[in-house]
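As the structure is a computational prediction, the values presented were derived from the model and not from experiment.
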There are 2 protein chains.
Amino acid sequence: MSERVVPEPQRRRRRPTKQGVVLSQELIVDTALRLVGQHGAEALTVRRLGAALGADPSAVYRYFHSTDDLLLALAEELIARAQQGWEPTGDWRADLREIGLRIHAGYRSHPQAALLAAHRTTGRAHEIAAVEAILGILRTAGFPDPEAVRIYHAFVDQSLGFAVLDAAALALPAAAQSADLRVWQASYARLDAEAHPHIAATAHLLAADMGRSGYPFALDLLLDAAEARLAAARR
Amino acid sequence: MSERVVPEPQRRRRRPTKQGVVLSQELIVDTALRLVGQHGAEALTVRRLGAALGADPSAVYRYFHSTDDLLLALAEELIARAQQGWEPTGDWRADLREIGLRIHAGYRSHPQAALLAAHRTTGRAHEIAAVEAILGILRTAGFPDPEAVRIYHAFVDQSLGFAVLDAAALALPAAAQSADLRVWQASYARLDAEAHPHIAATAHLLAADMGRSGYPFALDLLLDAAEARLAAARR
DNA sequence: AGCGTACGACAGCGCAGTTGACGTAGTACA
DNA sequence: TGTACTACGTCAACTGCGCTGTCGTACGCT
């Protein structure tokens with residue numbers, strides 16, 4: 001990973017492409033997010049991005065050194081959108097729940113960005129604001145600092161992790177999903193109750209949950225546990 | 001996704017490759033796992049796999065129709081390894097914790113397989129055994145069936161999600177990690193305490209946690225919450 | 001011994017990310 | 001207004017990817 005060669009301050013020369021489009025970092029990021037949203041994560045390639053922009057694919061490299069760089073910019077944009085129009089209510093539990101659902105929903109449609117965001121740091125304004133907001137909620141709620149930091153990490157990574165898994169499921173081609181359903185019915189639903197009593201007893205429940213995201217429930221579990229620890233710390 | 005064209009029952013003809021290796025599904029799976037373990041998830045390509053096997057890359061397609069198929073086999077193998085040598089102790093909380101750590105550790109070195117395993121179903125023996133074991137622990141602990149299924153999903157997806165994120169971090173080239181560290185120090189550590197009081201107060205704690213997996217802590221939170229719900233259900 | 005075929009090798013397709021050279025169009029300054 | 005500079009869009013090409021169709025051969029069966 002080299003230094004950022006591409007100048008961050010705004011560019012001065014703007015020449016339209018052959019198709020008359022004036023490029024910019026924002027336009028490229030927006031177009032990339034639109035591509036991913038419409039055609040899935042696998043549709044995001046430099047070549048397709050160039051086509052969608054109406055420019056030569058290599059023009060992208062005038063604004064980002066690599067796709068890694070571009071994905072970091074996508075991550076920052078998603079963080080920004082997740083915070084847009086959000087105001088804390090003062091109820092720490094409700095606030096965290098709302099933020100969690102927003103992060104999850106935002107990244108769900110952009111799994112590659114979620115993978116990066118989880119362990120890279122953009123160091124830019126919106127990311128810093130998000131960290132500050134979440135830590136602020138926890139600390140003003142009364143969590144001691146070490147606990148607040150640990151819960152912060154668990155909270156963020158949980159929402160990103162579920163988003164990545166859910167996004168991967170959504171990105172599967174329809175044929176693969178129906179194939180899995182067939183495999184499932186052939187393998188699980190017909191197991192005999194003697195060898196696999198627990199699966200047999202809950203097969204109908206497992207089937208009902210297939211394809212639904214378990215994130216909201218997992219988030220509630222995390223908030224339950226956090227609340228219990230807060231009560232214990234106050235005692 | 002077509003039907004499985006490659007015959008599952010064991011093959012009869014075995015001709016060594018030019019380099020004298022006799023191929024088989026097991027050998028290919030083992031070699032693929034070794035490749036991923038040694039050189040990261042990105043090292044797993046059909047061409048490199050062929051080279052590691054001492055065979056032409058296209059020979060792999062005699063045993064799996066696609067990389068998707070191969071990854072499903074890797075997933076099944078990882079599930080098998082995670083269960084190897086494990087015996088339930090009867091303490092549901094300790095048992096779940098042990099299983100969670102095993103799944104996390106296993107998939108952590110094989111993120112692509114984890115991504116697939118989370119929302120595909122292999123329908124094969126070891127996967128079924130794992131589902132049966134986890135559900136069994138929850139149901140004999142006393143969780144009502146619907147709750148047991150929901151906790152099962154949250155538990156599995158949490159461990160897979162963290163494994164994917166952690167694996168992605170491990171797979172980053174060393175240069176990217178040091179670049180991020182520099183960005184972090186430049187952006188976060190020097191924030192003024194007025195604009196970002198919460199980050200400033202916990203900067204040292206955040207730095208100490210960088211790069212460490214938050215999974216064990218998040219797992220404990222989930223188990224805490226489950227235990228509380230079990231107590232409530234019994235009451 | 002001989003036949004049928006499973007399987008390994010080879011060549012090649014389309015697509016991916018990325019790079020370096022090139023020329024032009026826009027800006028800045030006189 | 002003119003001129004020099006250079007940012008930026010384009011082009012062509014390199015490497016490596018998953019995957020396929022074809023071919024010959026050596027294995028295992030009868």
Short side-chain N/O contact to [N] OP1/OP2 from [X], under 4.0 Å:
X: A/Y61; N: C/dG20; result: no
X: A/K18; N: C/dA25; result: no
X: A/S58; N: D/dC11; result: no
X: A/Y63; N: D/dG9; result: yes
X: B/T45; N: D/dC17; result: yes

To the nearest angstrom, how far is [X] atom [atom1] from [N] atom [atom2]?
X: B/L35; N: D/dC17; atom1: CG; atom2: C1'; value: 15 Å
X: A/F64; N: C/dT18; atom1: CZ; atom2: C1'; value: 16 Å
X: A/L71; N: C/dA16; atom1: CG; atom2: C1'; value: 14 Å
X: B/Q19; N: C/dC10; atom1: CD; atom2: P; value: 10 Å
X: B/L23; N: D/dA26; atom1: CG; atom2: P; value: 16 Å
X: B/Q25; N: C/dG8; atom1: CD; atom2: P; value: 12 Å

Mind checking what makes salt bridge (Lys or Arg N to Asp or Glu O under 4.0 Å) contact with B/E26, not counting sequence neighbours? none

Under the ring pair (Phe, Tyr, Trp, His ring centres under 6.0 Å) rule, collect the residues that match up with B/Y215, sequence neighbours excluded. B/H104, B/F162

Test: salt bridge (charged side-chain N to carboxylate O under 4.0 Å, His left out). Region: residues 30-40 of chain B. Which pairs qualify, not counting sequence neighbours? B/D30-B/R81

In short, salt bridge (charged side-chain N to carboxylate O under 4.0 Å, His left out) pairs touching residues 43-59 of chain B with sequence neighbours left out are none

Within residues 46-57 of chain A: residues closer than 4.0 Å to DNA chain D (heavy atoms): A/A55, A/D56

Give each protein N/O atom lying under 3.5 Å from an N/O atom of nucleotides 23-25 of chain D, with the pair distance.
unit_1 : atom_1 : unit_2 : atom_2 : d
D/dG24 : N2     : B/R15  : NH1    : 3.4
D/dG24 : N2     : B/R15  : NH2    : 3.0
D/dT25 : O2     : B/R15  : NH1    : 3.1
D/dT25 : O2     : B/R15  : NH2    : 3.0

Who are the side chain to side chain donor-acceptor pair (under 3.5 Å) partners of [X], not counting sequence neighbours?
X: A/H196; answer: none
X: A/R102; answer: A/E98
X: B/S213; answer: B/D166

Please walk me through it: do A/L71 and A/L44 pass side-chain contact (heavy atoms from CB on, under 4.5 Å)? CA-CA 10 Å; A/L71 288 174; A/L44 184 55; 4.1 Å; yes

Let me see the working for A/H65 and A/D69 under side chain to side chain donor-acceptor pair (under 3.5 Å), right down to the final yes or no. CA-CA 6 Å; A/H65 322 99; A/D69 219 32; 3.2 Å; yes

